[in-house]
Amino acid sequence: MLFRTICTLLLMLSLFQVVTAQEPEGPSLVFGEVSIAELEKPESLIEKSASAEILGDYGNINERGKYTRFIRTKIYNSKGYNYADITITKYNNAKISSIKGFTHNLIDGIIEKTPLDDGQIVEEKVFDDIKQIKITFPKVKPGSVLDLEIIRKFKQGYTIKEWVFQQDIPVVWSDLTIINLESRSMQYHSQGSEPFAVFEETDLSKKKGNDSIKKVQYRWARANLLPIKNEPFVSSINNYIARLDFQLKGGATYKRFIALLLLSDYFKGSVNTSSFLDPILPKFKPTVSALERAKQIFYFIRDNMKWNGYYGKLPKPLKDAWEKKEGDVPTINYLLTAALVYSGLQTNPIVLSSRENGIPHPLIAFNHKMNYLISSVYIDGEWILLDASDKSNPFGVLPLRCLNDRGWRLTLPVPDSVTVDLAPKNSIETSVRADLIVDKSGAIGGKISRTYTSYSSYEKRDILTSLGEEKVLESENRMDIEWKLKNLIVINKNDNAAPLVIDYEVTNSEHRDKDLIYLKAVISSPFKKSPFEAEERTMDINFPYRTLNRYVSSIAIPDNYVVDEIPTSKVLETPDKDLFFQFTAYVKDNTINIISTFRINGLNYPVEEYPEVKSFFETVVNKQNEQIVLRRVK
């Protein structure tokens with residue numbers, strides 16, 4: 001399971017001990033003061049090809065809740081200019097008391113220092129209590145060094161939710177210091193294989209008269225971090241990036257977290273005070289089944305509400321959202337939950353971490369890791385998972401962004417086990433049928449039909465909707481130079497609950513009047529090349545859902561050609577049967593028949609199994625690309 005890939009080091013801050021590393025101080029950087037050596041630095045020593053680099057990233061929270069962050073960034077070339085544009089998201093009117101910055105350039109041996117002005121710091125309202133501050137550094141060019149300082153004030157008893165050491169560019173030094181956190185009410189989780197350059201807990205307690213003022217300083221630092229780089233079939237790099245996650249107020253277990261969540265003002269009483277739904281919900285016939293009732297309500301909410309693009313776990317007032325016909329994910333899905341309850345169905349919301357947000361900790365309910373809310377309904381002995389925020393997904397199918405191992409069901413009283421498996425139970429099928437005819441001249445023509453189900457169809461539908469069928473056909477012809485495609489026909493284009501079928505005619509005239517014809521055994525495959533080409537891998541493999549890919553083709557050949565060569569049949573499977581491949585090729589009645597089946601049953605493969613998975617995919621791709629050879633008979 002993917003949970004075992006997470007470093008589960010839990011550090012309870014109740015034991016005051018001092019741990020000192022080899023380089024406790026780190027580089028001595030001062031905001032607004034740069035050296036000529038920094039400005040003349042030609043490239044990163046960590047990764048020479050880097051377009052930009054973090055020279056220092058310092059966070060400091062003092063005993064009064066003042067949080068100061070200072071980031072120094074070096075720009076090496078024009079590809080790094082985007083690191084001079086920074087966006088900060090503000091929630092719930094968080095107080096940012098100061099933003100300062102400078103662009104430093106070396107001009108004829110003299111350091112030029114250009115400050116940020118008010119016009120380069122712009123605050124915009126995004127949605128309700130969410131704002132964005134956009135910062136654009138001036139006079140940026142290759143060699144520039146950018147300093148940014150942000151000061152904000154936290155409320156008593158609150159701290160940052162996370163500190164991320166690693167970025168998508170090299171980081172020379174990343175350093176966080178926190179003072180005067182209550183040891184009995186804080187936990188943190190450390191993630192990442194990189195060792196700490198500094199890890200200190202220092203007792204700074206003082207006596208003031210007869211009273212003792214408890215003050216503790218905690219410091220963590222990491223040095224010379226390579227940029228985090230994504231790899232094929234990874235659920236989220238947030239599962240691997242070097243970081244710290246913090247939890248105050250006791251570091252709740254999931255059982256306690258769920259209980260507190262449901263008793264909060266966001267949830268308490270919302271469903272039971274949803275009488276405004278009565279006149280607007282669909283009216284049901286007395287004979288309608290529970291399943292049909294649930295489907296009608298789901299599509300009614302989904303089709304009448306507009307998603308504003310934001311995630312979350314705390315719904316806004318439901319009646320207000322309905323009147324606006326717009327809301328974020330938790331509001332739309334809790335409105336769906338309320339409607340299902342109001343119609344007499346058994347239902348519960350489910351809280352989870354979105355796929356890109358990373359797998360949540362298995363034991364500690366870090367509040368910021370739970371960033372998404374879906375609904376579920378119990379019918380005929382089965383819980384059906386629902387998300388009405390995405391119009392691309394039909395009843396009972398979650399968006400891909402939700403497929404992140406497991407969620408937690410919100411129900412009172414809270415049972416000991418409330419986890420919910422989010423992976424689809426059935427395999428997602430893609431099938432291809434190719435019927436081809438070789439004429440006496442050697443030219444080839446025929447028809448291909450592709451059928452996509454569930455997730456395999458959603459991306460195709462989006463492309464068809466955005467580009468149109470003519471542009472899609474042009475794109476297919478550009479990607480496949482061997483075959484000319486025409487007369488595209490799309491079936492069930494607008495019905496997300498039905499399989500998407502794409503039919504088209506194909507021709508290949510490059511073998512006309514040639515004595516030898518070479519054809520790939522499989523001319524339409526989801527894997528034209530293996531997605532696992534790297535010799536080594538650092539992240540576990542995660543497939544979001546189980547897949548079944550079928551390919552069946554028949555190639556009719558004329559009397560003046562014979563089959564000179566045909567691939568051999570092959571069956572391959574892993575010992576646990578999580579990966580299965582069967583390839584069959586045979587000739588009957590002047591027709592070549594190819595049947596290829598590739599099934600992925602397992603979802604998670606630890607990095608130790610990468611060589612086996614890599615070899616398996618290479619075998620599949622190589623076998624499907626083997627040649628059929630036809631020879632003209634004189």
Side-chain angles (χ1 to χ4, degrees), residues 89-94 125-132 257-258 260-282 294-343 345 347-357 367-377 384-402 404 407-412 420 422:
T89 302
K90 284 178 60 179
Y91 298 94
N92 301 320
N93 296 315
K125 181 177 179 180
V126 179
F127 173 72
D128 286 348
D129 54 0
I130 301 174
K131 296 179 181 179
Q132 285 185 342
F257 169 76
I258 290 169
L260 292 174
L261 201 62
L262 284 174
L263 292 173
S264 71
D265 292 338
Y266 294 97
F267 290 93
K268 192 176 181 181
S270 295
V271 171
N272 297 325
T273 58
S274 302
S275 57
F276 72 91
L277 291 167
D278 184 62
I280 62 175
L281 284 180
K295 285 184 177 181
Q296 286 187 40
I297 292 172
F298 172 82
Y299 287 115
F300 178 76
I301 298 296
R302 190 199 72 172
D303 295 342
N304 282 281
M305 290 295 292
K306 179 183 177 182
W307 176 41
N308 61 23
Y310 284 89
Y311 298 173
K313 61 178 173 288
L314 303 175
K316 307 290 191 304
L318 301 185
K319 186 176 181 181
D320 293 349
W322 175 255
E323 290 175 351
K324 295 177 182 177
K325 299 296 188 293
E326 183 178 9
D328 54 18
V329 160
T331 304
I332 293 174
N333 284 327
Y334 204 57
L335 179 64
L336 171 62
T337 302
L340 291 168
V341 169
Y342 201 80
S343 66
L345 295 169
T347 180
N348 285 123
I350 295 170
V351 67
L352 56 92
S353 174
S354 64
R355 191 169 176 84
E356 68 272 21
N357 195 44
N367 187 55
H368 67 279
K369 295 298 290 185
M370 312 305 287
N371 71 331
Y372 206 99
L373 188 84
I374 62 173
S375 185
S376 64
V377 62
I384 302 172
L385 308 184
L386 305 171
D387 185 342
S389 67
D390 194 325
K391 288 181 168 43
S392 298
N393 289 71
F395 179 86
V397 179
L398 296 178
L400 182 61
R401 58 180 177 262
C402 295
N404 194 27
W408 280 261
R409 192 179 304 282
L410 303 186
T411 178
L412 288 175
V420 179
L422 298 172

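Sequence positions, counted from 1, serve as the residue numbers for this chain. Only a predicted model underlies this, so the values are computations on that prediction, with no experimental measurement involved. Scope of the values below: all heavy atoms of this structure, side chains included, with no hydrogens, waters or symmetry mates.
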Inset, instruction - Supply the atom-to-atom distance Gln296 CD to Leu281 CG, rounded to the nearest 0.5 angstrom. - result: 10.5 Å
Legend entry - Verdict with supporting geometry, Leu277 and Leu335, side-chain contact (heavy atoms from CB on, under 4.5 Å): CA-CA 9 Å; Leu277 291 167; Leu335 179 64; 4.0 Å; yes
Legend entry - Pairwise side-chain contact, Ser375 with Thr347, heavy-atom cut-off 4.5 Å (strictly under): yes
Inset, instruction - With sequence neighbours excluded, give me every salt bridge (Lys or Arg N to Asp or Glu O under 4.0 Å) pair touching residues 387-396. - result: Asp390-Arg401
Inset, instruction - Could you tell me which non-hydrogen atom of Ala339 sits nearest to which non-hydrogen atom of Ile297, and how far apart they are? - result: CB-CG2, 3.6 Å
Inset, instruction - From the options Ile258, Ile350, Asn348, select the one residue that forms a side-chain contact (heavy atoms from CB on, under 4.5 Å) with Leu410. - result: Ile258
Legend entry - Exercise: identify the closest heavy-atom pair between Ser389 and Val329: OG-CG2, 3.7 Å
Legend entry - Beyond-backbone contact of Val377 with Leu386, side-chain heavy atoms, under 4.5 angstrom: yes
Inset, instruction - Using the test ring-ring contact (aromatic ring centres under 6.0 Å, His included), find all partners of Trp322 that sit at least two apart in sequence or belong to another chain. - result: Phe300
Legend entry - Non-hydrogen atoms of Ala388 and Ile301 that approach each other most closely: CB-CG2, 4.2 Å
Inset, instruction - Measure the shortest side-chain to side-chain distance between Ile384 and Phe395 over non-hydrogen atoms and say whether it is less than 4.5 angstrom. - result: yes
Legend entry - Among Thr337, Leu412, Leu373, the one residue meeting side-chain contact (heavy atoms from CB on, under 4.5 Å) with Phe267: Leu373
Legend entry - Which residues share a ring-ring contact (aromatic ring centres under 6.0 Å, His included) with Phe257, sequence neighbours left out: none
Legend entry - Mutual orientation of the aromatic rings belonging to Tyr372 and Tyr311 [parallel < 30°, tilted 30-60°, perpendicular > 60°]: perpendicular
Legend entry - Minimum side-chain heavy-atom gap Leu336-Ile332 below 4.5 Å: no
Legend entry - Atom of Arg409, atom of Ser376 and distance for their closest heavy-atom approach: NH1-OG, 2.8 Å
Inset, instruction - Verify the distance criterion only: is there a donor paired with an acceptor across the side chains of Asp278 and Ser275 at less than 3.5 Å? - result: no
Inset, instruction - Taking the side chain as every heavy atom from C-beta outward, state whether Lys313 and Asn367 have any pair of such atoms under 4.5 Å apart. - result: yes
